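When reading the values below, keep in mind they use all heavy atoms of this one structure, side chains included, and skip hydrogens, waters and symmetry mates. Predicted, not measured: the structure shown is a model, and the values here were computed from it.
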Amino acid sequence: MHLLDEVRRFLKERNLSGCRITAAVSGGADSICLLHALFSLKDELSLDLQAIHIQHNLRGAESKRDEQFCRDFCEMHGIPLKVVSCNVSEYAETKHISIETAARECRYAAFAEHCEGIVATAHTASDNLETILFRMARGTGLKGLCGIPPVRGQFIRPLLHAPRTQVEEYLQSHGLTYVTDCTNAQDCYRRNFLRHHVVPKLKECNPSLEETCAEMAETLRIEEDFLTAQAQAAFTACRQPDGSLKHLETLHPALQRRCIGMLLKEYGLFNRQNTVAVQSLLQNGGSLELVRGGLRAHAGRGLLWLESPASEILEKPLKIGKNCIFDGISVEASVIARTDSEKFATVHAKFTNFVLDYDIIKKCAVLHGRRPGLRLKTKGRAHSISIKKWLNAEVPPTERAKVHFLSDENGLLWVQGLGAAEHAAVTERTQNLLYLRIITE
């Protein structure tokens with residue numbers, strides 16, 4: 001298919017007739033080809049065509065030459081042109097990023113600020129091939145192999161199926177000139193190295209490399225869309241109210257990994273190393289510290305969840321009133337006279353699970369989180385129980401880190417969910433009761 005026919009088909013398939021389209025123009029071969037093709041279809045498709053040129057200020061007089069070329073081309077064809085100047089070098093230094101990355105970020109920031117409606121960029125099948133090869137060399141998954149999307153938000157790439165040779169033929173057949181960026185010949189830029197050395201060798205195996213790669217990318221995009229939808233549905237089904245994921249181990253490994261990735265992204269911790277490690281953890285159980293996150297992943301009893309590791313045991317002296325040692329939850333302590341306790345118990349459900357003998361507390365009682373080696377013998381039990389075993393058997397994994405404990409100099413007095421220790425339980429001799437109420441904020 002001729003290049004102009006390809007651009008026409010691209011626009012019609014996406015119902016872009018009658019739209020405002022701003023073409024990004026650098027003055028190079030690809031962008032001049034795109035702008036001229038859109039100009040040729042302007043009346044036929046009722047396009048409101050404009051152009052934008054981003055002045056990167058990187059190549060001195062050559063950059064000024066490119067800007068003037070774009071001004072002259074647009075003036076000759078009656079195309080409104082917006083020129084936006086960026087200090088890419090300063091931006092790269094401030095952000096501590098490469099010039100290539102800084103230039104891209106500056107361009108897209110300028111598009112967002114100055115362009116209304118659709119923005120057309122001149123990415124070709126050759127650019128797409130180079131992008132896929134670069135991602136393969138660096139390491140990527142299915143999404144990376146999909147290459148450059150033909151449409152992303154307000155951005156369209158009408159030349160994405162056209163190889164660079166087709167662009168050159170179009171320019172020659174219409175007698176169009178263009179400018180050449182001197183850095184295109186420098187192999188110090190990674191894309192240029194691929195373009196000059198890797199792609200020619202691959203074309204010896206397949207002269208139609210760009211076209212077949214474009215077809216592959218289109219197929220993979222369809223499959224990526226399907227897997228993304230399946231993973232989102234699985235993630236929603238597995239998600240628990242406390243943020244954990246349940247029964248991930250029943251899913252296909254591909255969906256497992258995607259769901260794990262979605263969970264990690266919520267915490268800004270998505271990378272291949274973390275994803276692979278957490279998937280292995282899911283199979284084997286246990287916990288591990290995530291890379292660059294300050295969080296630990298835990299798996300067990302069919303659940304997967306993330307939490308902050310306790311760098312120190314949280315504790316505070318108990319005071320009458322509100323006590324808080326964990327974010328989002330507090331313990332309200334109050335003292336109730338025995339004469340009022342029966343009336344109070346009829347109002348508050350499970351009252352006995354949250355009271356103990358206030359009279360026996362020695363000196364200062366401390367409210368704290370879980371500690372290693374804790375055991376508790378409650379009233380009516382023949383033996384003490386291991387708090388660790390009790391937590392593992394009775395408390396959901398995501399809630400264990402925020403179970404409250406109360407101790408004094410004689411040891412453990414009370415455990416949230418278990419009640420008072422035998423020696424701290426209310427008896428006939430108790431005159432004052434300590435009532436502890438859990439408040440979730």
Open item on the list: Please evaluate residues Ser384 and Leu376 with respect to the criterion side-chain contact (heavy atoms from CB on, under 4.5 Å), reporting the C-alpha separation (whole Å), side-chain torsions for both, the decisive distance (0.1 Å), and the verdict.
Closed with: CA-CA 5 Å; Ser384 64; Leu376 183 74; over 6 Å; no
Open item on the list: Apply side-chain contact (heavy atoms from CB on, under 4.5 Å) to residues Phe235 and Leu255 and explain how you reach the verdict.
Closed with: CA-CA 9 Å; Phe235 186 83; Leu255 292 182; over 6 Å; no
TODO: Give the C-alpha distance, both sets of side-chain angles, the deciding distance and a yes or no for side-chain contact (heavy atoms from CB on, under 4.5 Å) between Cys74 and Leu35.
DONE: CA-CA 9 Å; Cys74 290; Leu35 183 57; 4.0 Å; yes
Open item on the list: Applying salt bridge (Lys or Arg N to Asp or Glu O under 4.0 Å) to Glu332 and Lys322, what does each step give before you reach the verdict?
Closed with: CA-CA 4 Å; Glu332 185 179 71; Lys322 184 178 180 181; over 6 Å; no
Task: Check against side-chain contact (heavy atoms from CB on, under 4.5 Å), Tyr178 and Phe73 - done: CA-CA 9 Å; Tyr178 53 90; Phe73 185 93; over 6 Å; no
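Taking the side chain as every heavy atom from C-beta outward, Arg59 and Lys64 never approach each other to under 4.5 Å. Contact annotation: the side chain of Ile325 never approaches that of Lys402 to less than 4.5 Å [non-hydrogen atoms, C-beta and beyond]. Looking at heavy atoms from C-beta onward, Thr275 lies out of side-chain contact with Asn271 at the 4.5 angstrom threshold. Residues Val83 and Glu67 meet the side-chain proximity criterion, which asks for heavy atoms closer than 4.5 Å. Using a 4.5 Å heavy-atom threshold, the side chains of Glu169 and Val167 count as separate. Using a 4.5 Å cut-off on side-chain heavy atoms (C-beta onward), Ile387 and Phe405 make contact. Put simply, the side chain of Glu44 reaches to within 4.5 Å of the side chain of Arg8, judged on heavy atoms. The shortest distance between side-chain heavy atoms of Leu304 and Val278 falls below 4.5 Å.
Between the side chains of Asn57 and Ser89, no donor N or O sits under 3.5 Å from an acceptor N or O. Ser31 and Ser26 form a side-chain donor-acceptor contact under 3.5 Å, judged by distance and modelled atom types alone. Arg296 and Ser287 share a side-chain donor-acceptor pair at under 3.5 Å. In the model, Gln283 has a side-chain atom that pairs as donor or acceptor with a side-chain atom of Gln256 under 3.5 Å. A side-chain N or O of Thr212 and one of Asn206 form a donor-acceptor pair less than 3.5 Å apart. Counting only N and O atoms by type, the side chains of Ser407 and His368 include a donor and acceptor under 3.5 Å apart.
Classified by interplanar angle (parallel below 30°, tilted 30° to 60°, perpendicular above 60°), the ring pair His77/His36 is perpendicular.
A donor-acceptor pair under 3.5 Å links the side-chain atoms of Asn274 to the main chain of Leu269, judged by distance alone. The backbone N or O of Pro253 sits less than 3.5 Å from a side-chain atom of Gln279, completing a donor-acceptor pair. One N or O on the side chain of His174 and one on the backbone of Tyr170 form a donor-acceptor pair closer than 3.5 Å. No donor-acceptor pair closer than 3.5 Å links the side chain of Arg135 to the backbone N or O of Thr140. No donor-acceptor pair closer than 3.5 Å links the side chain of Ser208 to the backbone N or O of Glu211. Checking side-chain atoms of His53 against main-chain N and O of Val25 turns up a donor-acceptor pair under 3.5 Å. The backbone N or O of Ser63 lies less than 3.5 Å from a partner atom in the side chain of Gln55, making a donor-acceptor pair. Between the side chain of Arg400 and the main chain of Val395, a donor-acceptor pair closer than 3.5 Å is present. Put simply, the side chain of His196 gets close to the backbone of Asn192: a donor and an acceptor are under 3.5 Å apart. When atom types are taken as modelled, the side chain of Ser280 and the backbone of Val276 share no donor-acceptor pair closer than 3.5 angstrom.
Within a 6.0 Å radius of CD in Glu62, other residues, nucleotides and ligands contribute more than 12 heavy atoms. The 12-atom threshold is not exceeded at CD of Glu93, counting heavy atoms of other residues, nucleotides or ligands nearer than 6.0 Å. Heavy atoms of other residues, nucleotides or ligands lying less than 6.0 angstrom from CZ of Arg272 number 12 at most. Residue-environment remark: CD (Glu266) exceeds the threshold of 12 foreign heavy atoms within 6.0 Å. Heavy atoms from other residues, nucleotides or ligands lying under 6.0 Å from CD of Glu116 number 12 at most. Under a cut-off of 6.0 angstrom, the local environment of CG in Asp327 is sparse, with at most 12 non-hydrogen atoms contributed by other residues, nucleotides or ligands. The local environment of NZ in Lys95 is sparse, with at most 12 non-hydrogen atoms from other residues, nucleotides or ligands closer than 6.0 Å. Counted within 6.0 Å of CD on Gln154, heavy atoms from surrounding residues, nucleotides or ligands total more than 12; the atom is thus considered enclosed.
A distance of 10.5 Å separates CG in Leu194 from CE in Met136, rounded to the nearest 0.5 Å. Remark: Ile156 CD1 to Ile118 CD1 distance equals 6.0 Å, nearest 0.5 Å. Put simply, CG on Leu418 and NZ on Lys377 are 13.5 Å apart, with the number rounded to the nearest 0.5 Å. Atoms CG and CZ, from Leu245 and Arg239 in turn, are 6.0 Å apart once rounded to the nearest 0.5 Å. Rounded to the nearest 0.5 angstrom, His123 NE2 and Phe155 CZ are separated by 10.0 Å. Atom-to-atom distance recorded for Ser126:OG and Asp30:CG is 7.5 Å, nearest 0.5 angstrom.
In terms of heavy atoms, Leu288 sits closest to Ala277 at CD2-O, 3.5 Å. Closest non-hydrogen pair, Leu356 versus Leu406, comes out as CD1-CD2, 4.1 Å. Of all the heavy atoms in Ala231 and Met262, the pair that sits closest is O-SD, 4.1 Å. Among all heavy-atom pairs drawn from His161 and Gln166, the shortest one is O-OE1, 4.5 Å. Here the closest heavy-atom approach between residue Leu281 and residue Ala299 is recorded as O-CB, 3.7 Å. Here the shortest heavy-atom pairing between Ile21 and Ala120 reads CG2-CB, 3.9 Å.
Classification of Arg71 and Glu75 as a salt-bridged pair fails, no side-chain N sitting under 4.0 Å from a carboxylate O. Contact check on Lys143 versus Glu224 returns no salt bridge, with no Lys/Arg side-chain nitrogen under 4.0 Å from an Asp/Glu carboxylate oxygen. A salt bridge links Asp127 with Arg164: the closest approach of a Lys/Arg side-chain nitrogen to an acidic carboxylate oxygen falls below 4.0 angstrom. Under the 4.0 Å criterion applied to side-chain N and carboxylate O atoms, Glu218 and Arg221 are not assigned as salt-bridge partners.
Ring pair His404/Phe326: centre-to-centre distance below 6.0 Å.
Residues satisfying the side chain to side chain donor-acceptor pair (under 3.5 Å) criterion with Glu105, sequence neighbours excluded, are Tyr91.
Under the 6.0 Å distance and 45° angle rule, Arg104 counts as a cation-pi partner of Tyr108. Both the sub-6.0 Å distance and the 45° axial angle are not jointly satisfied by Arg437 relative to the ring of Tyr435.
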